[in-house]
There are 2 protein chains.
Amino acid sequence: MDDIDRAIIAELRADSRAPYAAIGAEVGLSASATKRRVDRMVADRTIRRFTVDVDPAAEGAGTEAYVELFCRGTIAPHELRRMLLAIPEVVEAGTVTGEADAVGVLRAAGDQELEQALEKVRAAGSVDHTKSSVVLSRLITR
Amino acid sequence: MDDIDRAIIAELRADSRAPYAAIGAEVGLSASATKRRVDRMVADRTIRRFTVDVDPAAEGAGTEAYVELFCRGTIAPHELRRMLLAIPEVVEAGTVTGEADAVGVLRAAGDQELEQALEKVRAAGSVDHTKSSVVLSRLITR
DNA sequence: GATGAAACCTAACCTTT
DNA sequence: AAAGGTTAGGTTTCATC
């Protein structure tokens, strides 16, 4: 992973369908040399996948919340993972330091749908209580 | 935005470089009909961009934290935005309901770099104090 | 949904360090 | 060897019908 790799990733992040020749021109390589580096990074799993950034509002996920989870007793991370995976509105989650046991990001169509998703989280065994921060206005998305 | 659009988006999310013919085969459309729909969604800004999902650890952003921001007095959202935008480690942020004024997601190479980024957040005028939850293990990424 | 020209991808081969 | 350049042929895109 050198500076050229990083430059290629920056280009791909902005437009992952740009021709290799165009990316190569930006980073100072030929099209095939660029492709070879991209192929290597895909094989490496440095690049996990080629994807799209979709407007959340356009597909019914306009309401978002950061949720702290407090569990009863001790819970195995993989248990927690299994349980959160069953709730599609949970788009991100991790165990954390601090008071809470875990933090999750929930996305739903609206307030009601978000509330229902939160109920599903709380209904799950071993979750004692939650503390939510509903996003009012998005300031940064990078 | 109908079910076919949603199906196309699901395909693009998994592999945004798949040929239109392949996506069309999955959703029951010809290559050109598929392309027309994708072009419309790009024009719509339903699809914001074609991008890549990169392993954070591979490019020096392996340490992550959810940070609650508590401000002094009242602060205009756009002020907060301007200030957080200046800190590249802040990858996400929004004003929220609840005790905190805002929540942000920070990503840095390691603990030290995260701490430095946090200091930058706290040093910014009008930020009274912060409350961080450092991610120990990532459970879900969707 | 189909067609054809232009652009692009891809893999093999060659050159350089 | 390892990394980049070049070329040729097959595939994909894209505008038009």
Side-chain angles (χ1 to χ4, degrees), chain A residues 1-62 88 91 107 141-142, chain B residues 1-63 88-89 91 107-110 113 141-142:
Chain A
M1 175 66 130
D2 59 8
D3 285 342
I4 297 179
D5 282 348
R6 267 181 283 274
I8 291 174
I9 284 175
E11 294 294 320
L12 287 176
R13 242 202 263 278
D15 180 11
S16 67
R17 290 204 313 186
Y20 289 123
I23 297 168
E26 291 294 326
V27 305
L29 284 178
S30 70
S32 27
T34 306
K35 179 186 189 295
R36 274 193 290 258
R37 277 174 177 263
V38 172
D39 287 347
R40 176 175 49 69
M41 289 193 280
V42 169
D44 273 349
R45 306 250 329 129
T46 296
I47 293 173
R48 293 202 279 217
R49 62 189 175 142
F50 290 81
T51 186
V52 282
D53 181 7
V54 176
D55 182 2
E59 50 153 21
V91 296
R107 241 172 249 164
T141 335
R142 268 204 268 255
Chain B
M1 174 67 130
D2 59 10
D3 284 342
I4 297 179
D5 282 348
R6 268 182 282 273
I8 290 173
I9 284 175
E11 294 295 320
L12 287 175
R13 243 201 263 277
D15 179 11
S16 68
R17 289 203 314 186
Y20 290 122
I23 298 169
E26 291 294 325
V27 306
L29 249 54
S30 70
S32 13
T34 306
K35 179 183 189 296
R36 272 193 290 262
R37 278 178 179 259
V38 173
D39 287 347
R40 176 175 50 69
M41 288 192 282
V42 169
D44 272 351
R45 308 253 324 131
T46 296
I47 293 173
R48 294 202 278 216
R49 61 188 178 145
F50 291 81
T51 186
V52 282
D53 182 6
V54 177
D55 182 2
E59 51 154 20
T63 305
E89 288 87 354
V91 296
R107 242 172 250 164
E113 289 82 357
T141 336
R142 268 203 268 256

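What's counted below: heavy atoms across the whole structure, side chains too, no hydrogens, waters or symmetry copies. We name chains A, B, ... by the order of the sequence lines, and we start the count at 1 in each one.
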Practice prompt. Return the minimal non-hydrogen interatomic distance between A/Ser16 and B/Ser16, and the atom names on each side.
Written response: OG-OG, 3.4 Å
Worksheet item: Is any NZ, NE, NH1 or NH2 atom of the basic residue among B/Arg36 and B/Asp39 found under 4.0 Å from an Asp or Glu carboxylate oxygen of the other?
Response: no
Worksheet entry | Euclidean distance, atom CZ of residue B/Arg36 to atom C1' of D/dT12 [Å, nearest integer] | 16 Å
Item to complete: Look at all strands and tell whether A/Arg37 reaches a base, only sugar-phosphate, or nothing, counting heavy atoms closer than 4.0 Å.
Response: sugar-phosphate
Discussion item. At a heavy-atom distance below 4.0 Å, what parts of residues 4-34 of chain B sit against DNA chain D?
Written reply: B/Pro19, B/Tyr20
Worksheet item: What closest approach, in Å, do A/Ala18 and A/Ile23 show between heavy atoms, and which atom pair accounts for it?
Response: O-CD1, 3.6 Å
Fill in: Residue list, side chain to side chain contact (heavy atoms under 4.5 Å, CB included) with A/Arg37, at least two apart or on another chain
A/Asp2, A/Ile4, A/Asp5, A/Ile8, A/Leu29, A/Arg40
Response to the item:
Heavy atoms of B/Ile9 and A/Glu59 approach each other most closely as CG2-OE1, 4.2 Å
Practice prompt. With heavy atoms under 4.0 Å as the rule, sort A/Arg40 into base, sugar-phosphate or nothing.
Written response: nothing
Discussion item. Counting only side-chain nitrogens and oxygens, does B/Lys35 get under 4.0 Å of the OP1 or OP2 atom of D/dT13?
Written reply: no
Fill in: Exercise: identify the closest heavy-atom pair between B/Arg107 and B/Ala61
CG-O, 3.6 Å
